[in-house]
Protein chains: 2
Amino acid sequence: MDFFEQTGKVAIGSRLRMLTDKVTEDAANIYQLYNIDMQPKWFPVFYSLSQGEEKTITELAKAIGHSHPSVSKIIGEMLKKGYVQESRDKADGRRNVVSLTDAGRQVAYKIKDQLIDVDAAIEELSAQTQNKLWEAIGEWEFLLEQKTLLRRVMEKKKERDSAKVEIVAYKPEYQEIFRALNVEWISTYFEMEESDYKALDNPQGYILDKGGHILVALYEGEPLGVCALIKMNDEEYDFELAKMAVSPKAQGKNIGFLLASAIVEKAKSLGAAKIYLESNTILKPAINLYHKLGFKKVAGKPTPYTRCNIQMELVIG
Amino acid sequence: MDFFEQTGKVAIGSRLRMLTDKVTEDAANIYQLYNIDMQPKWFPVFYSLSQGEEKTITELAKAIGHSHPSVSKIIGEMLKKGYVQESRDKADGRRNVVSLTDAGRQVAYKIKDQLIDVDAAIEELSAQTQNKLWEAIGEWEFLLEQKTLLRRVMEKKKERDSAKVEIVAYKPEYQEIFRALNVEWISTYFEMEESDYKALDNPQGYILDKGGHILVALYEGEPLGVCALIKMNDEEYDFELAKMAVSPKAQGKNIGFLLASAIVEKAKSLGAAKIYLESNTILKPAINLYHKLGFKKVAGKPTPYTRCNIQMELVIG
DNA sequence: TAAATTTGTGTAACTGATTACGTAATTAAT
DNA sequence: ATTAATTACGTAATCAGTTACACAAATTTA
């Protein structure tokens with residue numbers, strides 16, 4: 001299919017499905033060629049039964065990697081053909097123990113030649129290929145087992161998004177956005193408080209002039225996140241991480257992490273030994289983020305904010 | 001799946017299906033990750049429309065390799081979402097011309113990042129494999145296009161069957177089977193005739209003693225096919241190929257071909273220049289076989305058999 | 001130009017799987 | 001000894017595709 005060369009590998013699912021169809025297409029005819037009265041979809045169940053002794057529905061399902069209803073249905077069909085027999089386990093009345101009948105075993109014998117020929121045909125086909133499909137499938141199964149495609153894509157997305165994010169120092173032109181982003185989340189979850197207005201209306205005087213810093217995250221040039229590092233008059237803590245806000249429309253772009261990391265780096269470069277922050281446990285993503293950065297829960301600090309129900313600190317190593 | 005390592009490659013269809021499922025599984029979540037309101041199964045149609053201009057249902061189906069009802073249904077669903085619009089072709093009232101709406105084009109734009117990330121994720125995954133799945137699929141598509149799996153299996157079956165066939169010279173103990181196999185087919189299609197009895201009841205006197213030969217095909221030691229090379233008193237022909245019979249239960253095992261080839265070889269080794277045969281056109285497989293061996297239709301020879309309606313000869317080169 | 005064939009499309013039924021759910025039997029926990 | 005949780009498995013609904021069929025429009029043939 002030329003189509004797939006255009007789409008790129010995104011379409012690997014579709015392409016796999018079509019190859020599967022093509023390979024499967026002939027299966028029924030191949031059974032006919034050998035005069036074997038069997039449906040292709042029975043094969044895994046049939047094969048599994050022909051190997052060991054009797055098995056239960058669930059055991060079969062696990063062995064061949066199908067769901068149990070699928071096996072249940074297949075067994076029902078094979079039962080009609082007289083290839084298998086069911087019997088209830090005496091020790092455990094739930095279990096349906098299935099085994100091949102004589103007729104089934106006869107088919108198992110007859111099918112051997114077919115298996116040999118199909119195997120040989122595929123082997124010969126494979127010999128003409130540079131890339132071994134069978135082995136490639138095995139490798140994919142293994143790698144997807146370790147990490148799903150979704151996870152892999154998420155990582156790529158994060159990488160790409162991060163590359164678009166630039167963290168810059170505060171300039172007066174960002175005062176507007178610094179205020180707006182913070183007002184947005186505070187008033188969504190809580191009420192604006194006296195201390196909020198002080199800092200947001202006058203970051204220059206309230207934060208920067210007192211030895212603090214503000215960083216702004218630009219996503220493709222647009223300011224979508226802010227965070228402040230406020231100088232504390234405290235014997236224990238040097239700075240407070242505060243007024244962190246990321247635009248809802250930039251969620252999932254890793255901006256929060258990059259911003260907070262940059263703030264921590266900033267503190268480190270200023271020789272800070274301990275950073276403090278206040279938050280609220282209903283802000284789960286934020287708390288998770290702080291955790292990821294190494295912040296630990298502490299208690300007992302007095303705070304001007306009523307919304308604060310958790311306090312954390314980061315010891316800079 | 002360990003299971004597949006046991007079954008051998010016969011189960012490649014099943015195994016492919018399961019990998020397809022696993023790869024496809026995450027697709028819906030990936031769209032969600034990018035806030036794209038689209039079903040994975042729409043992708044091929046969507047992509048195809050996003051590339052060129054408007055297309056008809058059948059054009060789309062051909063482009064992406066689906067059946068047209070499948071495309072028809074998908075377009076119906078995308079229509080509801082407002083991603084596409086339909087319009088009847090004025091020049092050809094049967095054609096349903098489909099194109100992306102503005103909303104659709106917007107999604108096409110939004111989806112670009114996703115395509116990049118998925119491609120990168122798969123590329124990275126592939127880099128960890130020895131055998132390239134994408135390329136392997138391409139090679140299989142190409143090879144199956146040239147010759148289906150069924151054909152390949154048929155060839156392997158023929159090879160294996162042929163290896164089990166042994167062609168041996170006539171011995172008196174084969175007289176019974178020589179007679180029985182011939183009576184079987186003759187009386188199925190025609191009536192036994194005077195000349196038949198002469199040859200079948202006394203092959204020694206009627207065929208062998210007059211300088212003819214009989215070959216017997218053994219399939220796993222069991223005599224299942226016979227053929228005679230009868231010396232002719234004729235200025236043109238040296239021998240007649242006759243009394244060829246293969247047991248119905250050995251059909252499809254290539255016995256006829258091996259037997260007739262051996263007879264021709266025999267004639268050649270005896271220095272024959274031309275072989276003659278008589279048959280009937282209702283025996284299609286036999287006529288095909290003679291054709292394959294190089295026999296050509298001739299006419300005008302007198303014959304004792306009423307069932308003969310075709311005469312053929314082979315010029316030995 | 002009428003009749004036969006081909007083409008484009010939609011609808012219905014089927015297929016081989018799945019997930020969702022219900023129920024009975026067993027096992028674990030209090 | 002109940003009660004709760006787990007397990008085995010069957011039935012029903014769903015899913016993403018297919019083939020089969022019907023029908024109208026266009027094209028080819030006689």
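The shown structure was predicted, so the numbers you read here are calculated from the model rather than taken from an experiment. Computation of the quantities below employed the complete heavy-atom set of this structure, encompassing side-chain atoms and omitting hydrogens, waters and symmetry-equivalent molecules.
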Ignoring backbone atoms, establish whether B:Asn96 has a side-chain N or O less than 4.0 Å from OP1 or OP2 of C:dG10. yes

Using only side-chain N and O atoms of A:Ser67, determine if any of them is under 4.0 Å from OP1 or OP2 of C:dT18. yes

Please report, rounded to the nearest Å, how far the P atom of C:dG16 is from the CZ atom of A:Phe43. 16 Å

Can you tell me which nucleotide in D:dA25, D:dA16, C:dG16 comes closest to the side chain of B:Asp92? D:dA25

Among C:dA17, D:dA16, D:dA26, the nucleotide that comes nearest once only the side chain of A:Lys41 is considered: C:dA17

Nucleotide of D:dG10, D:dT7, C:dG16 approaching A:Ile57 most closely (side-chain heavy atoms): D:dG10

Scan B:Thr56 against the nucleic acid and name what it touches under 4.0 Å (heavy atoms): base, sugar-phosphate only, or nothing. sugar-phosphate

Base, sugar-phosphate alone, or nothing: which one does A:Ala91 contact when heavy atoms must sit under 4.0 Å apart? sugar-phosphate

Criterion salt bridge (charged side-chain N to carboxylate O under 4.0 Å, His left out) on A:Asp26 and B:Arg152, from CA distance to verdict: CA-CA 11 Å; A:Asp26 284 340; B:Arg152 291 169 191 271; over 6 Å; no

Report yes if at least one side-chain N or O of B:Ser70 is closer than 4.0 Å to OP1 or OP2 of D:dG17; otherwise report no. no

B:Lys73, nearest nucleotide to its side chain (from D:dT18, C:dT26, C:dT9): D:dT18

Closest to side chain of A:Pro69, choosing from C:dA20, C:dT7, D:dT19: C:dA20

Grab the CD-P distance between A:Glu59 and D:dT7 for me, whole Å please. 14 Å

What is the distance, to the nearest angstrom, from the NZ atom on B:Lys22 to the P atom on C:dT19? 12 Å

Specify the separation, in whole Å, of atom CG of A:Asp89 and atom C1' of D:dT7. 13 Å

For A:Thr58 and B:His66, take the nucleotide of DNA chain D holding the closest heavy atom to each; which residue's nucleotide lies nearer the 5' end? A:Thr58

Interatomic distance where CG belongs to A:Leu19 and P belongs to D:dG17 [whole Å]: 16 Å

Pairing of B:Asp102 and B:Arg105 as salt bridge, 4.0 angstrom limit: yes

Atom-pair distance (CD on A:Gln39; P on C:dC14), nearest Å: 15 Å

Residues A:Lys158 and A:Glu155 bridged, charged N to O under 4.0 Å: no

Taken to the nearest whole Å, CD1/A:Ile74 to P/C:dT15 is 14 Å

When you measure from the centre of the six-membered ring of A:Tyr34, is the NZ or CZ of A:Lys110 closer than 6.0 Å and no more than 45° off the axis? no

Taking the minimum atom-to-atom distance to the side chain of A:Arg88, which one of C:dT9, C:dA17, D:dC9 wins? D:dC9

Are the side chain of A:Asn309 and the backbone of A:Thr281 linked by a donor-acceptor contact shorter than 3.5 Å? yes

Which of these nucleotides, D:dT6, D:dA26, D:dG10, is closest to any side-chain atom of A:Arg94? D:dT6

Respond yes when some side-chain nitrogen or oxygen of A:Arg17 is under 4.0 Å from OP1 or OP2 of D:dG17, and no when none is. yes

Using atom CH2 of A:Trp42 as one end and atom P of C:dG16 as the other, report the distance to the nearest whole Å. 11 Å

Below 4.0 angstrom, N of the basic side chain to O of the carboxylate: do A:Lys9 and B:Glu123 qualify? yes

